[in-house]
Amino acid sequence: MSPLIYYLAAFGAYTISIILMTGQSFTWKETRSSFYVGGRKTGLIPSVSTFCATWMSPLSLVGYGMWLYRDGYMAFFASVNGWLIGLMFFPFIVKRLRIRRVLSLPEWLEKTYGDARVRKLVALTMIFLYTLYLVIQFRAFGVIVSYMLEITPGFAATSLVYLFVLYTTFGGYPSVVRSDVLNLAFIIFGVTIAAYCILPPGAGLGYAKDVLFSETAVGGLEPVSYAEAFSLFAMMLAWGFGVAGNPQYAIRIISCRTKRDAYGMLSLSPLIIGWIYVCTTLFILVCRMNYADIGNFEETLAFAKLGQFLPSFAGAALLIGVIAAAVSTANSQLLLAASSLCYDLFPLSGKSGAPRGPMEEDKFLFLNRGAITAIASAALFLSHAKLPGYLLLGRISWTLVAICFFFPLFVPKLIVKSMLFYVLTVAISLQFMFVFIVGISPEYSMLVVLFAEAVIFKFHKFFNAESETYYLYNVESE
């Protein structure tokens, strides 16, 4: 049977499933709390599903997969290792995040450090970085759909994700969570069946172990120069700090029904995420071993062409998994970008804690859906611009996240509240200048900027302490 039949059937099944699953989340009585964080009533299983599905973007599957295909385990060390290190930070901020009862991370910064200007500055940065990161999701979706359905790559193929993402985001956080339960199931099934079917007939766990530790796999870990080693280490830190400070994961901690559910989510999610990475790694390494040259293609198309070495049904399942990863990440980031615009940067009504009537809430949520449409439209058009590849776009986005959130979230004692706005303004400006004007790698620039942030805060505290000690000494002498 032609692979096109399998692809059409798989895409049709995914589309119908998304419509049926997500449509049930639209309600008549909505508030901004239910729209942004599900009213903080999300149970353990949905929380785990949305955390893992949001984690697995096309960058995690396609970007990492094709880097692994080219360079072996060097890709794992610099990317997956960094992402998993970032995951280890989350348990330390569960209490800190949930105690404030906020609807967004910029609002948390304002309530924690007492400066509304910080909230607006960070919200503006989030709109930029999430719009940029959405380009990855739109681009990957367009390439995969055009490959599966044999339609001309371009605006028509990419615009399909526009409809998927708008539909799954318009219902707010409950809609995102329901779609993520389905998307995670497709992702897990796709990578699992791909890893199983790529193995030779009769091969078992022993063969899989041999592949994971083969010379082909570890070939990328041969001795490298100090400069290359530092570059990989800096990239690992950039991914780790970016993941740790990422609002899309912090919001999932905030939205959990209880603190216990939040810790449960952070305990179970690494098991699922780890399984997906193991299956992806095994699939790619077998392809690297047996099909070393697939030609010079764009990275998403190259990943799709690796599916031709699978049975047709398994290839279709793998590609639907990539589509599910794109949709699950895009709708989460669209919701965060819209909240940054409507709730943090340009609040459309009153103070955040003031009571509101149904009409005012409806107007606010209507404007949020307008913002979602506008941001998605911008990302759709940018996905056809000549922007860099997935890994570079991800590094640009996640280094900005680290600069904005890492110290305020994880090292609060370092922060000088009166200086936070000015320090972040200078830090973000320097990151833009170093990356877009000077041309320094985002991870190198991030390390310099974070070091400068820490030094400024430390110097301010040191000299203030010296002044206070001098003042107290003079008073006691008199």
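Atoms considered below: every heavy atom in the structure, side chains included; atoms not considered: hydrogens, waters and symmetry mates.
Considering only heavy atoms from C-beta on, N183 comes within 4.5 Å of I18 through its side chain. Put simply, the side chain of L392 does not reach to within 4.5 Å of the side chain of L387, judged on heavy atoms. Proximity of S179 to M21: side-chain heavy atoms (C-beta onward) are nowhere separated by under 4.5 Å. Annotation: side chain of W55 is not in contact with side chain of I272 (no heavy-atom distance under 4.5 Å). Counting heavy atoms from C-beta on, the side chains of F303 and L318 come closer than 4.5 Å. F170 is listed as a side-chain neighbour of T373, based on a closest heavy-atom distance under 4.5 Å. With contacts defined as side-chain heavy-atom distances shorter than 4.5 Å, the pair R252/S332 qualifies. For the pair T300 and Y390, the minimum side-chain heavy-atom distance is below 4.5 Å.
In the model, Q431 has a side-chain atom that pairs as donor or acceptor with a side-chain atom of S445 under 3.5 Å. Under the 3.5 Å distance criterion, with hydrogens and angles disregarded, no donor-acceptor pair is assigned to the side chains of Y173 and N331. There is no side-chain donor-acceptor pair under 3.5 Å between S47 and D261.
Judged purely by atom type and a 3.5 angstrom limit, R40 has no side-chain atom pairing as donor or acceptor with the backbone of R98. Proximity of a side-chain donor or acceptor of S269 to a complementary backbone N or O of L266 within less than 3.5 Å is not detected. Panel note: side chain T54, backbone F51; no donor-acceptor pair is recorded below 3.5 Å. Side chain of S57 to backbone of L59: a donor-acceptor contact under 3.5 angstrom is found. A donor-acceptor pair under 3.5 Å is formed between the side chain of S34 and the backbone N or O of T31. Counting only distance, with no hydrogens or angles, the side chain of K41 and the backbone of R257 share no donor-acceptor pair below 3.5 Å. Using modelled atom types, no side-chain atom of T50 and backbone atom of P46 make a donor-acceptor pair closer than 3.5 Å. Between the side chain of Y113 and the main chain of V118, no donor-acceptor pair closer than 3.5 Å is present. With hydrogens and angles ignored, the 3.5 Å screen pairs a side-chain donor or acceptor of S104 with a backbone N or O of E107.
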### Task
Would you please test Y130 and Q248 for side chain to side chain contact (heavy atoms under 4.5 Å, CB included) and show each step?
CA-CA 10 Å; Y130 278 132; Q248 69 187 28; 4.0 Å; yes
### Query
Given I396 and L132, is the side chain to side chain contact (heavy atoms under 4.5 Å, CB included) satisfied, shown in steps?
CA-CA 9 Å; I396 292 171; L132 193 64; 3.7 Å; yes
### Query
Does the pair L382 and F138 meet the rule for a side chain to side chain contact (heavy atoms under 4.5 Å, CB included), with working shown?
CA-CA 9 Å; L382 285 174; F138 279 50; over 6 Å; no
### Query
Could you go step by step and tell me if S255 and Y36 meet the side chain to side chain contact (heavy atoms under 4.5 Å, CB included) rule?
CA-CA 9 Å; S255 68; Y36 287 148; over 6 Å; no
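A cation-pi arrangement is present between R32 and F364, with the terminal nitrogen or guanidinium carbon under 6.0 Å from the aromatic centre and inside a 45° cone about the axis. Cation-pi geometry between R119 and Y343 is satisfied (NZ or CZ under 6.0 Å from the ring centre, within 45° of the ring normal). A cation-pi arrangement is present between R117 and F421, with the terminal nitrogen or guanidinium carbon under 6.0 Å from the aromatic centre and inside a 45° cone about the axis.
Across S231 and Y444, no two heavy atoms sit closer than the pair CB-OH, 3.1 Å. For the residue pair T112 and R100, the shortest heavy atom distance occurs at OG1-NE, 3.5 Å. When every heavy atom of A317 is checked against every heavy atom of F189, the shortest pair comes out as CB-CE2, 3.7 Å. Between P106 and V122, the closest heavy-atom pair is CG-CG1, 4.3 Å. For the residue pair P388 and R139, the shortest heavy atom distance occurs at O-NH1, 3.0 Å. Nearest heavy atoms, F410 versus R96: CA-NH1, 3.8 Å.
Atom CD1 of I144 and atom CD1 of I323 lie 6.5 Å apart (nearest 0.5 Å). In this structure, I254 CD1 and L103 CG are separated by 8.5 Å, a value rounded to the nearest 0.5 Å. The CG atom of L68 sits 11.5 Å away from the CE atom of M74 when rounded to the nearest 0.5 Å.
By the neighbour-count criterion of 12 heavy atoms within 6.0 Å, atom CZ of F92 is sparsely surrounded, having that number or fewer from other residues, nucleotides or ligands. Within a 6.0 Å sphere centred on CG of L414, other residues, nucleotides and ligands contribute more than 12 heavy atoms.
The residue from L391, N81, L84 that alone fulfils the side chain to side chain contact (heavy atoms under 4.5 Å, CB included) condition with W239 is L391. Paired with W398 under the rule ring-ring contact (aromatic ring centres under 6.0 Å, His included), one option of F241, F405, F406, Y133 passes, and it is Y133. With M56 as the fixed residue, the side chain to side chain contact (heavy atoms under 4.5 Å, CB included) test singles out one of T329, I276, T280: I276.
F128 and F432 have their aromatic ring centers within a separation under 6.0 angstrom.
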